[in-house]
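Reviewing the structure listed below.
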Amino acid sequence: MASSSEVDSSLNQIVIPALEKIIKNASWRKGHSKLAQQCKSLIDRLSEPPSSASSHPPDSPDSSSSIPGPLSDLSLVESEAILAPLISACSSSFLKLAEPALDCVQRLISHALLHGEADPTAGPSARLLAQLIDASCSCRSLADDSAELLVLKTLLSAVTSTSLRIHGDSLLLIVRTIYDLYLASKNPVNQATAKASLIQMLVIVFRRMEADSSTVPVQPIVVADLMDLTADLSSGDGNATQFVQGFITRIIGDIDGVFNSRSTPATGVHDGTFESTTVESTNPTDLLDSTDKDMLDAKYWEISMYKTALEGRKDELGGQGAMVAMERDDDDEVQIGNRLRRDAFLVFRALCKLSMKTQPKEALADPSQMKGKIVALELLKILLENAGAIFRTTERFLGAIKQYLCLSLLKNSASPLMIVFQLSCSIFMSLISRFRPGLKAEIGVFFPMIILRVLENVAQPNFQQKMIVLRFLEKLCIDSQILVEIFVNYDCDVHSPNIFERMVNGLLKTAQGAHSGVVITLVAPQDAMMKLEAMRCLVAILRSMGEWMNKQMRIPDPHALSRVETIAGNVESTGGLPMENGKIENPEGVDSETINGRVSEAAEIEQCQAYMVDLQEGISLFNRKPKKGIQFLVNAKKIGDSAEEIASFLKSKSGLNKVLIGDYLGGREELPIKVMHAYVDSFDFHGIEIDEAIRSFLHGFRLPGEAQKIDRIMEKFAEHYCKCNPKTFSSADTAYVLAYSILMLNTDAHNPMVKNKMSADNFIRNNRGIDDGKDLPEEYLRSLYDRISRNEIKMKEDDFAPQPHQSAYYNKILGLDNVLNIVIPKWREKTNEASEDVIRHMQEQVREKARKSESVYCAATDVVILRFMMEVCWAPMLAAFSVALDQSDDLSVLSTCIEGFRYAVHVTAAMSMKTQRDAFVTSLAKFTSLHSAADIKQKNIDAIKAIILIADEDGNYLQDAWEHVLTCVSRFEHLHLLGQGAPPDAAFFAIQQGDFDKSKNMKSLILPMLKKKGLGRLQQAAAARRGSYDSAGVGGHASGMVTSDQMSNLVSNLHLLEQVGMSEMNHIFAQSQKLNSEAIIDFVKALCKVSLEELRSMSDPRVFSLTKIVEISHCNMSRIRLVWSTIWNVLSDFFVTIGCSDNLSISIFAIDSLRQLAMKFLDHEELANYNFQKEFMKPFIIVMRKSRSVEIRELIIRCVSQLVFSRVKSVKSGWRSMFMVFTIASYDEHKNIVLLAFEILERIIKDYFPYITETENATFTDCINCLIAFTNSRFSKDFSSQAISFLLFCATRLAEGDFGKNMVASANNVPSSPLIEKREKTNTANARFADKDDLLLLWFPLLAGLSELTFDMRAEIRKNML
């Protein structure tokens, strides 16, 4: 034989033992003597030495002897001589002969001794291999367990082999053989092995097709993952599972060059088993069609339904339509030129045919007789779940799905056998999740047919079918993109069914069950389970919508909010940075040379280079870490260490990252603040408009992304601008707010993402009243608008410019939209109105697009789609959750409903759907039953916990709904105090001095307790009454007798409240400092409303919310000035209302709380020309003027005095409010108040006069007016005389011109150097003569007041005045 010694040795070791066994078993059996003779002759030839073999060449060599054969290094004749006996033995139908022959064939394959392609229609070598495969498949009929395993082993080895290529009919024969073996075998292990072999073959065929390579490595499947797909093995049969796994692994491992010898097998057949890294770009359009008897055997009604459903969509369903394609001939399959794709197509079509095979009527309800259909469906399910890109996108395979698989679904979805229906649903799920872009029309037909038909059957449902559909829908919601795209492509298409809407309504009907009086076929446990599963599906829909919204809107994980600002800041900061090291390498090496004596020219150049290297290193370090970069440059003597020199460097040096310059200037440490002040002061804004000042100011850096940093920079900018232009605005507050408004206008006008541009009228309207309550001139604002609209404010472009996409979100990153919405809420409201028009217009566009191109699949990306979805589903979901929560006590149902409420609030709140959000929050708040404590159950406690979670996770979006949340917190605290037996607030705040009747009534509130830490009877009675949710307090205003059962229920229910601690409630207030700028204002407004409701009762007031107002004010006082000013506007009105209350105790508590806040606020330094302190002190003035209580007015005077004496250096603009309080006190009807006020005023003028004029000269005028008011006192001439003396003192100081900081320095006895003293004397001289006009204005109120006294009726006063 013409073979090498190695091949000869391998053949001998494999073939000769097999032939000997055949001879042994064939020699004594009639009819097999010829086979035995062939085997003996072959053994003799194989046993001859190579030389002997070469000396006996063929008698008449012809062309066949030179044709290569399928055996390695052997000719076709030699290969046929060896394989012919093996083929005969396998075809003998005799176990003793076929078994050794089949084992020999398997070993030849595994040792890669057989090569070539098996094809009965090709050349002689391919036909020989095809005959060998046919003979191996025929061994299936031997009906022996060991032979069955050997057949499986041989056929799987053949398909797995990379040297032996199995294609076309041979591949289909192998698949059908293993399929028949699975059905016919009586051994469960063999059945499981056959099934695993089929799956492994699917993996190999489709993996090779995706990779377009027959040698792509494959890995064995994990059999344990398939145990849920078969009833042949129990999940607990570990030995059988291990056997099947070992069987598959050994075969794959034995194929040389195929199995990767790494020790770890594949994790399973799922998760993209068929995916390939090599994807062919060709996309053939010709669709193969064929006629199949099984298709033609389908029932007439099924064919008619399919035709009707897809009428008019033939172009979408593959070529000339599915039904026309069925009439073509199978020979068209030769059109597939790529053999690997042809194999995949043929296998897929064969599985579809097997899944449609018509069974006898008696077998329809017997799973054991439906094994073939079931396993075919299971294989299709696995194939679709792991399909690769080519199978999912190529028109040829999509056409096969439309033509074959859709008809299979049509037939099997009506099957009475639940396993068939379940598999059909699983296959349909795979089509939706992985193939939906190419199957829009088909999904639109089959979803109502398979899913909605079962879901909407409420009266007479099939329990198993219904549960399968419900679990299908729950699984569908795992991928949020699927749900949204279903709504976009079907509910928004006028020619498609409203799948999403019908799905939600069907789930609602299922959750609520059939109407009363309707007879149902379900038992009670089944009905309850089905309702619970429907409820879970509704929750899954909301959860999916929430996840998609979070992804689209980039809403962070609520438990990781602390990381969000850092991440956002880093994204903004590093958006346009180049590589960190730049071009600087080894900067230390430059300074290696030391220069002594005279410095040559070369040395000077070297020094300059060294300087530049250090400077560039410092700039590079600054562009990564600004603070370290500045420190490096200062230490290297490249810049000075003063704030002015650092500011000059930042302003003038090129190459610095503009974003990081802004980040450094906004720092809160001492040095960055000084540098920022020096940086701002270096600009000359004299005589230029504010918009040009901002343009010049922002030319060299980008505002940082943190609101606090922006606030510090813009606050200093406004102060410096007002110093340069003192006549432009009345105060720096005006410049501060207008600067923010200009930045907002700039972003609005020049951001292409903003469709509804702000008009000039809107801009003017938004800035009304910002000039200390007055309007700026309309012409001025209109000119600002025109300049900004024409010319964008932007920073200087350089190499470090951020990416273009950042500018689109610049305004949102800076938080300007939130900040400006506080100042200009009218613009926010108008924007919302416009958004509704945009939404309606977008909806019409989507529907119009779907109408024009029905087959075009639209991918959903716009988050506005969720608004449409919520409008469709919120009412059914609210009804489902509310009814179940009210009527059920099942823990699973209750937890599901409460989870649904949480997701619904999250979506509606984040999407600013006010009506829907308030509906869900109000319903959940009512279910807490805190307004009717006697009815509290465990489910109400769970509702309370849900309210807390909503406040914690969605606080930024609750807006007006905060009122419901905080009302629940208030009522919970009331019940908590009752449960602890603590005295109510009414014990301290309800007693009115001098009112004996009210005092007597109050005593009845503090009756003896029922038990230790028990309740007063009256409190129990009030809490036990069943009040309405809208009533005030616990128990509300409910009236009527309280039964003993209600009292006992209340005592027992209060113990349930111990599951929720007050610490969790207090956490809501502590976390208020993490709310955004708009949310904190909504939070404060809601808390003030709740507090007013608590304090409204004269007999049973509560101060819980009032104390929390003080607490959150302390927590949020560090917010930027603009936000805090808006918060204080709300709190100021609240404290005025409470301070003027008829309840003296409450008023005293409010004024004292106001004093605490004022003390805290005065710790914040106020820059010149600002009026923060003045605005903060306004409530004292208003209450002083309006209050009818002597005690309150006296308390205000004492509070003001304490503020002055303890925080005299920080009062600044607050002096004006102080003097206004004293002026009001001078006209008081009670002498004690006048006397107290004058004593304090006297001390202020004597000890602290230098601080009065430190900030602005207008304070001096207020002081004069206050003294003049006291000269008119009607109680004592001494007051008037002393007031006149102080007027003389003020006149003297005015004449001397000693004002402001010079007086403060002298008052504090601050030592100074001679140079400083000389400079101060010069400044003093200049102050006396430079601003004579300003000093002249200060004389007017003083002289006017004195002139009035000349007409005083009291002679002593007139004399003292003169």
Side-chain angles (χ1 to χ4, degrees), residues 587 591 607-608 610-686 693 696-704 708-724 732 795-796 798 800 1165-1169 1209 1300-1302 1304-1305 1308 1310-1323 1326:
D591 294 327
Q607 286 182 342
C608 291
Y611 175 86
M612 292 302 299
V613 167
D614 286 344
L615 183 62
Q616 290 298 327
E617 184 179 1
I619 293 174
S620 177
L621 183 58
F622 178 91
N623 288 337
R624 285 177 279 131
K625 296 182 179 180
K627 295 177 185 176
K628 291 187 177 180
I630 293 295
Q631 187 63 42
F632 173 86
L633 291 169
V634 171
N635 294 339
K637 307 297 183 183
K638 299 301 179 285
I639 59 176
D641 58 354
S642 66
E644 289 75 14
E645 290 175 290
I646 297 175
S648 176
F649 171 81
L650 296 177
K651 187 177 179 181
S652 60
K653 189 62 182 177
S654 62
L656 297 175
N657 188 301
K658 307 300 183 183
V659 174
L660 296 182
I661 292 176
D663 189 72
Y664 179 82
L665 294 176
R668 61 181 179 180
E669 291 82 5
E670 182 179 0
L671 180 59
I673 289 177
K674 290 182 178 179
V675 172
M676 184 266 290
H677 282 217
Y679 186 96
V680 176
D681 290 337
S682 66
F683 287 86
D684 184 10
F685 295 146
H686 286 89
S696 174
F697 181 58
L698 297 182
H699 191 67
F701 72 98
R702 184 181 292 279
L703 285 173
Q708 296 281 358
K709 294 182 178 181
I710 299 175
D711 182 67
R712 281 190 284 269
I713 295 174
M714 298 309 296
E715 186 180 16
K716 177 60 182 176
F717 165 82
E719 182 212 25
H720 182 62
Y721 182 83
C722 288
K723 282 184 178 180
C724 295
M795 80 175 178
K796 181 181 178 181
D798 58 13
F800 295 95
E1165 182 181 0
E1166 183 184 64
L1167 296 175
N1169 296 315
K1209 295 181 180 181
K1301 296 182 179 180
N1302 294 331
V1304 174
N1308 293 334
V1310 178
S1312 57
S1313 64
L1315 180 60
I1316 294 178
E1317 291 178 357
K1318 180 178 180 182
R1319 186 181 304 169
E1320 288 177 349
K1321 291 179 181 179
T1322 304
N1323 291 339
N1326 293 335

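Keep in mind that the numbers below use all heavy atoms, side chains included, and drop hydrogens, waters and symmetry copies. No experiment lies behind these values; they were computed from the predicted model shown.
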- Task: Run the numbers on Lys653 and Ile639 for side chain to side chain contact (heavy atoms under 4.5 Å, CB included), then give the verdict.
- Result: CA-CA 11 Å; Lys653 189 62 182 177; Ile639 59 176; over 6 Å; no
- Query: What is the minimum heavy-atom distance between Val680 and His720, and which atoms define it?
  - Reply: O-CD2, 3.3 Å
- Item | Gap separating the CG atom of Asp681 from the CZ atom of Phe717, nearest 0.5 angstrom | 12.5 Å
- Heavy atoms from other residues, nucleotides or ligands near CG of Asp641 exceed 12 (cutoff 6.0 Å): no
- Measure the CE-CG distance between Met714 and Leu698 for me, rounded to the nearest 0.5 Å. 6.5 Å
- Message: Test side chain to side chain contact (heavy atoms under 4.5 Å, CB included) on Lys716 and Ile673; report intermediate values, then the result.
- Response: CA-CA 10 Å; Lys716 177 60 182 176; Ile673 289 177; over 6 Å; no
- Task: Taking the side chain as every heavy atom from C-beta outward, state whether Ile713 and Tyr679 have any pair of such atoms under 4.5 Å apart.
- Result: no
- Note: Glu669 and Pro672 closest approach over all heavy atoms is O-CD, 3.4 Å
- Message: Do the side chains of Arg712 and Glu715 get close enough for a salt bridge, i.e. N-O under 4.0 angstrom?
- Response: no
- Would you check if the side chain of Asn657 reaches a backbone N or O of Asn623 as a donor-acceptor pair within less than 3.5 Å? no
- Going from CG on Leu621 to CG on Asp614, what distance comes out if it is rounded to the nearest 0.5 angstrom? 12.0 Å
- Task: Could you tell me which non-hydrogen atom of Ala732 sits nearest to which non-hydrogen atom of Cys722, and how far apart they are?
- Result: CA-SG, 3.5 Å
- Kindly give the heavy-atom pair with the smallest separation between Pro704 and Asp663, and that separation in Å. CB-CA, 4.0 Å
- What are the two closest heavy atoms between Ala636 and Lys638, and how far apart are they? O-NZ, 2.9 Å
- Item | Nearest heavy-atom neighbours spanning Ala643 and Val675 | CB-N, 3.9 Å
- Mind checking the CG-CD1 spacing from Leu671 to Ile646? Nearest 0.5 Å is all I need. 4.5 Å
- Message: Tell me whether the NZ or CZ atom of Lys651 lies within the 45° cone about the ring axis of Phe683 and under 6.0 Å from its centre.
- Response: yes
- Message: The test is side chain to side chain contact (heavy atoms under 4.5 Å, CB included); show your working for Leu656 and Phe649 and say whether it passes.
- Response: CA-CA 10 Å; Leu656 297 175; Phe649 171 81; 3.8 Å; yes
- Hey, mind stepping through Tyr664 and Phe701 against ring-ring contact (aromatic ring centres under 6.0 Å, His included) and telling me if it holds? CA-CA 10 Å; Tyr664 179 82; Phe701 72 98; over 10 Å; no
- Can any side-chain N or O of Ser696 pair as donor or acceptor with the backbone N or O of Ala693 at less than 3.5 Å? no
- Message: How long is the straight-line distance from CG of Leu665 back to NE2 of His677, given to the nearest 0.5 Å?
- Response: 10.5 Å
- Step by step, would you call Lys658 with Ile661 a side chain to side chain contact (heavy atoms under 4.5 Å, CB included)? CA-CA 5 Å; Lys658 307 300 183 183; Ile661 292 176; 4.2 Å; yes
